Chemist: 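Encoded as structure tokens, here's the structure I'll be asking about.
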Amino acid sequence: RLELRGARVDYHDPFFPVMPLTRDHADLAGRKSIPIAAEALAGYDAAVVTTDHSDVDYALVAGQVPLVFDSRNVFDGRGIAIDRSRLVKV
């Protein structure tokens, strides 16, 4: 839905480098996971954390992305500092 409104939507998942074909989301098949890097993250308006992976640098995300939606409590759970006005717990 966001893309239909003109947003650019990407994902990062070390366990799914390429989205497989699924019955419910066939339109996402073949989409590639992007690497997490400071210069890339700085270009996003927001990030949504939906899975708590141990090898993701969430401190880097907190430092680069202006608005973070955290559905897994990774920032508080790991003691990662982030301005509370930029963090939305969902």
Side-chain angles (χ1 to χ4, degrees):
R1 291 182 184 179
L2 292 171
E3 289 175 317
L4 292 175
R5 293 176 175 227
R8 185 180 92 211
V9 178
D10 294 311
Y11 81 98
H12 172 78
D13 190 319
F15 297 104
F16 286 92
V18 178
M19 290 295 281
L21 177 63
T22 65
R23 178 177 53 241
D24 294 328
H25 303 287
D27 56 320
L28 299 177
R31 187 172 290 201
K32 295 179 181 178
S33 173
I34 63 155
I36 290 185
E39 58 277 357
L41 288 173
Y44 289 93
D45 295 321
V48 180
V49 177
T50 59
T51 305
D52 183 358
H53 288 308
S54 60
D55 59 345
V56 171
D57 187 350
Y58 293 106
L60 180 63
V61 174
Q64 296 297 320
V65 181
L67 180 62
V68 178
F69 296 88
D70 183 2
S71 71
R72 306 318 267 171
N73 197 39
V74 298
F75 296 92
D76 286 349
R78 294 174 185 219
I80 298 171
I82 183 171
D83 182 333
R84 301 320 256 188
S85 68
R86 297 179 36 246
L87 178 65
V88 178
K89 293 184 178 187
V90 294

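Small disclaimer: the values here were computed from a predicted structure and weren't measured.
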Chemist: Does V56 reach the side chain of I36, with side-chain heavy atoms less than 4.5 Å apart?
Modeler: yes
Chemist: Please find the pair of heavy atoms, one from A40 and one from P35, that lie closest to each other, and give the distance.
Modeler: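 Distance-wise, the nearest heavy atoms are CB-O, 4.5 Å.
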Chemist: Does any non-hydrogen side-chain atom of R72 lie less than 4.5 Å from one of H53?
Modeler: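 They are not in contact (no side-chain heavy atoms under 4.5 Å apart), so the answer is no.
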Chemist: Around atom CG of D55, are there more than 12 heavy atoms of other residues, nucleotides or ligands at under 6.0 Å?
Modeler: yes
Chemist: Decide whether I34 and L60 are clustered together by the hydrophobic rule: side chain heavy atoms of Ile, Leu, Val, Met, Phe, Trp, Tyr closer than 4.5 Å, transitively.
Modeler: no
Chemist: What are the two closest non-hydrogen atoms of I80 and V74, and how far apart are they?
Modeler: CD1-O, 4.2 Å
Chemist: For a 4.5 angstrom cut-off between non-hydrogen side-chain atoms, does D13 reach M19?
Modeler: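 D13 vs M19: side chains apart.
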Chemist: Can you tell me how far apart OH (Y58) and CZ (R78) are? Round to the nearest 0.5 Å.
Modeler: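 The OH atom of Y58 sits 5.5 Å away from the CZ atom of R78.
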Chemist: Does some side-chain heavy atom of V49 sit less than 4.5 Å from a side-chain heavy atom of F75?
Modeler: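 Answer yes - side chains close enough.
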Chemist: According to a 4.5 Å side-chain heavy-atom criterion applied to Ile, Leu, Val, Met, Phe, Trp and Tyr, with indirect links allowed, do L21 and L28 form part of one hydrophobic cluster?
Modeler: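 Shared cluster, no.
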Chemist: May I ask you to check whether D83 and S85 show a side-chain donor-acceptor distance below 3.5 Å?
Modeler: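 A donor-acceptor contact under 3.5 Å links the two side chains.
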Chemist: So which heavy atom on A81 is nearest to which on A62, and how close?
Modeler: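 Scanning both residues completely, I find the closest heavy atoms to be O-CB, 3.9 Å.
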Chemist: Is there side-chain contact between Y44 and R8, with at least one heavy-atom pair below 4.5 Å?
Modeler: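 Of all side-chain heavy-atom pairs linking R8 with Y44, at least one is under 4.5 Å.
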Chemist: Give the cluster check for L67 versus V61: same hydrophobic cluster or not, with ILVMFWY residues linked at side-chain heavy-atom distances below 4.5 Å.
Modeler: no
Chemist: Nearest 0.5 Å, what's the CG-CG distance between L41 and D10?
Modeler: 10.5 Å
Chemist: With a 4.5 Å limit on heavy-atom distance, are the side chains of T51 and F16 in contact?
Modeler: no
Chemist: Assess whether a salt bridge exists between D70 and R86, defined as any Lys/Arg side-chain N lying under 4.0 Å from an Asp/Glu carboxylate O.
Modeler: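 Looking at R86 together with D70, the answer is no, because their closest N to O distance does not fall below 4.0 Å.
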Chemist: Kindly say whether R31 contributes a backbone atom to a donor-acceptor pair with the side chain of Y11 at under 3.5 angstrom?
Modeler: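 Judged by distance alone, yes, a pair lies under 3.5 Å.
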